[in-house]
Amino acid sequence: MSTEVRVRIAPSPTGNLHLGTARTALYNYLYAKRHNGKFIFRLEDTDNERSDEKYTKDIIDGLKWLGLTWDEGCDIGGPYPPYRQTEKIDHYERIADKLLQNGFAYLCYASTEELAALKEEQRVSGLPSRYDNRGREVSIEQREKYQAEGRVPSFRFRVEEPQDIHWDDEIKGPITVNSADLGGDMVIIKSNGVATYNFAVVVDDIDMQMTNVLRGEDHIHNTAKQLLLFEALNCKPPHFGHTGLIFDSNDRKLSKREHGELVHIDYYKTQGYMPEAIVNYLIKTSWTPPDDTMEKFTLEEACQMFDIKRVSKTHARFDMDKLNWYNSHYLRSLPLSTVTERARPYLTDFDLSEYSHDELEKLVDTLRGSLTKLSEIKAAGSFFFGKTVEVSDEMKSTVLSSSEAKKVLTETLSSISKMPFDDPAGVKQIVDSMGKELGIKGKNLYWPLRAALAGSTQGPDLGSMISVLGPTKVQARLEAALKNGGNGHV
RNA sequence: GGCGUCGUGGCCAAAGUGGUUAAGGCACCGGGCUUUCACCUCGGAAAUUAGGGGUUCGAAUCCCCUCGACGUCACCA
């Protein structure tokens, strides 16, 4: 019986959901689905200084918004609980104790000050900074002395060096790191009794029987350290794969500090990006489908096609233009009902009861073709709301004041009863044939109508506009324009 | 600085184990469609595959060197 594939996303709740975390989660999800495996959500919250419940919520909400669901996790449980590291602090210490008894680890009494001094010494002499393993051989007397001083020890794991550590990376291929470059014996239990990241991860990955670990390449050295831990704990390590990081156009890693809210999924959510667009974009940044000319695909399709061998080894470049391109695509191709529901929160300034459910869908439909993100719908569609619309004085004098314009408006007003309001093309035809009768066409025909109805000479298709506005609004606006139009006087 | 990873048009990127004119997408430019913008559609411009050496009849693909970018060197994760 072959073992089931088990992968995870293991964020730490020290900030809102990051684009990079979302991308890593996506790849793990894809890998799990492709191999009929399990996707696990584990919370790595051992840094109680920076962790916060509000971040946990943001991360979970963001991932779910993208359409990622997990089979086991801190919010839904599973067969290998707990899925939250702070709930198994004692467990880590027990495992560390075992390592202590086996001689793989020892108690280190070095103080923060001593370690800082060591680091400074190394810096001054131009040496790479590392722990010098001085705590390995401490006499009984010395230890008693430290304890009498009130020093609280940390647990350090012995890193035997030199020693080549290598693995066949699922993305990068063979990688070798020498244990001598790992910074010396590593702390596994901090003096506050809490496991360090590298130790907790290994214990958890063993407990939860992870088979594959896909993460950013900033973890390459951690992987080497963790491999040593797996060995000491006598457990088979998972397969590792490291993706390149995400950079901006200046080769700067995407970070909160440099890019602000742009690195958070939440930003895109509030700006009105479609999760389908973000997912498609994020997957495509460093993965190529088997059909390498394929640009647009859904998460489900990607699950079927995914092949880790086609994940790029290089850095991904964040390209807002491309994301916007994807988003405008999804904005106009997603089911109208979906887009309409998602548009509602951006239209709260208006009285939505002016339109029925179906009418609102038509309204959104006429607008969505010109948007790159949903937040723009408020400005683009404001003219649809209210009995009348604001027309600038300039618009009045340049577009509405001529006698020709007035003729167009008057004539349209009297054609309202003939207009098939549920048929945009039919409405347009009426307008055109009316223009023909009047001998007015092009700008001279359309602009006065646009100005009177929407307050702008640009916008969606005229027939659709009139169709959506409906007879009552059209009449009111034409009348208002005729009455106040000329010179901007009321 | 040590160690590690990566380096194809402005940007992303394809090219199973080396083989005719180095895909495709974004952005850009032009035509068509439209009253206009956008969409859509057609077309265009844009790469001595970081640079230099090799191996080979032949290399983006293999080897060596150089350069560059990034990552990592915590009792943070």
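First the proteins, then the strands, lettered A, B, ... as listed; each starts at 1.
When each of K88(A), R8(A), R84(A) is paired with D204(A), the salt bridge (charged side-chain N to carboxylate O under 4.0 Å, His left out) condition holds for K88(A) and for no other.
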Can you give the donor-acceptor pairs under 3.5 Å from side chains of residues 150-157 of chain A to other protein atoms, not counting sequence neighbours?
unit_1	atom_1	unit_2	atom_2	d
R151(A)	NE	E149(A)	OE1	3.1
R151(A)	NH1	Y109(A)	O	2.8
R151(A)	NH1	E114(A)	OE1	3.1
R151(A)	NH1	E114(A)	OE2	3.2
R151(A)	NH2	E114(A)	OE2	2.9
R156(A)	NH1	D185(A)	O	2.8

Got a list of side-chain donor-acceptor pairs under 3.5 Å for residues 216-226 of chain A, not counting sequence neighbours?
unit_1	atom_1	unit_2	atom_2	d
E217(A)	OE1	K172(A)	NZ	2.4
E217(A)	OE2	H315(A)	ND1	3.1
H219(A)	ND1	Y197(A)	OH	3.4
H219(A)	ND1	N222(A)	ND2	3.1
N222(A)	OD1	N198(A)	ND2	3.2
T223(A)	OG1	R215(A)	NH1	2.8
T223(A)	OG1	H219(A)	O	3.2
T223(A)	OG1	H242(A)	NE2	2.8
Q226(A)	OE1	R215(A)	NH2	3.3

Would you tabulate the side-chain donor-acceptor contacts of residues 429-440 of chain A under 3.5 Å, counting partners in other chains and residues two or more places apart, or write 'none'?
unit_1	atom_1	unit_2	atom_2	d
D432(A)	OD1	Y446(A)	OH	2.5
S433(A)	OG	Q429(A)	O	3.2
S433(A)	OG	I430(A)	O	3.1

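For the P atom pair drawn from rC70(B) and rC28(B), the interatomic distance equals 28 Å after rounding to whole Å. Comparing the P positions of rU17(B) and rC26(B) gives an interatomic distance of 28 Å, to the nearest angstrom. Using C1' as the reference atom, rC76(B) and rC62(B) are 42 Å apart when rounded to the nearest Å. Taking atom P on both rU72(B) and rA27(B), the two are 32 Å apart, rounded to the nearest angstrom. When the C1' atom is used for both rA60(B) and rA77(B), the distance is 38 Å, rounded to whole Å. Between rU8(B) and rA23(B), the distance separating the two C1' atoms is 12 Å to the nearest Å.
Of the two residues near RNA chain B, I220(A) and K428(A), the one whose nearest nucleotide lies more 5' is I220(A). When each of P174(A) and D185(A) is assigned the nucleotide of RNA chain B with its nearest heavy atom, P174(A) is the one assigned upstream, toward the 5' end.
The side chain to side chain donor-acceptor pair (under 3.5 Å) search around S415(A) returns none, not counting sequence neighbours.
In the 5' to 3' direction, nucleotides of RNA chain B lying under 4.0 Å from heavy atoms of chain A begin and end at rG1(B) to rA77(B).
Scanning residues 274-289 of chain A for heavy-atom distances under 4.0 Å to RNA chain B yields T285(A), T288(A).
The closest side-chain donor-acceptor pair between H239(A) and D169(A), if any, does not fall under 3.5 angstrom.
The partner of rA74(B), taking Watson-Crick or G-U wobble pairs whose two distances both stay under 3.5 Å, does not exist in any strand shown.
Here the two rings, on W287(A) and F306(A), have centers that are under 6.0 Å apart.
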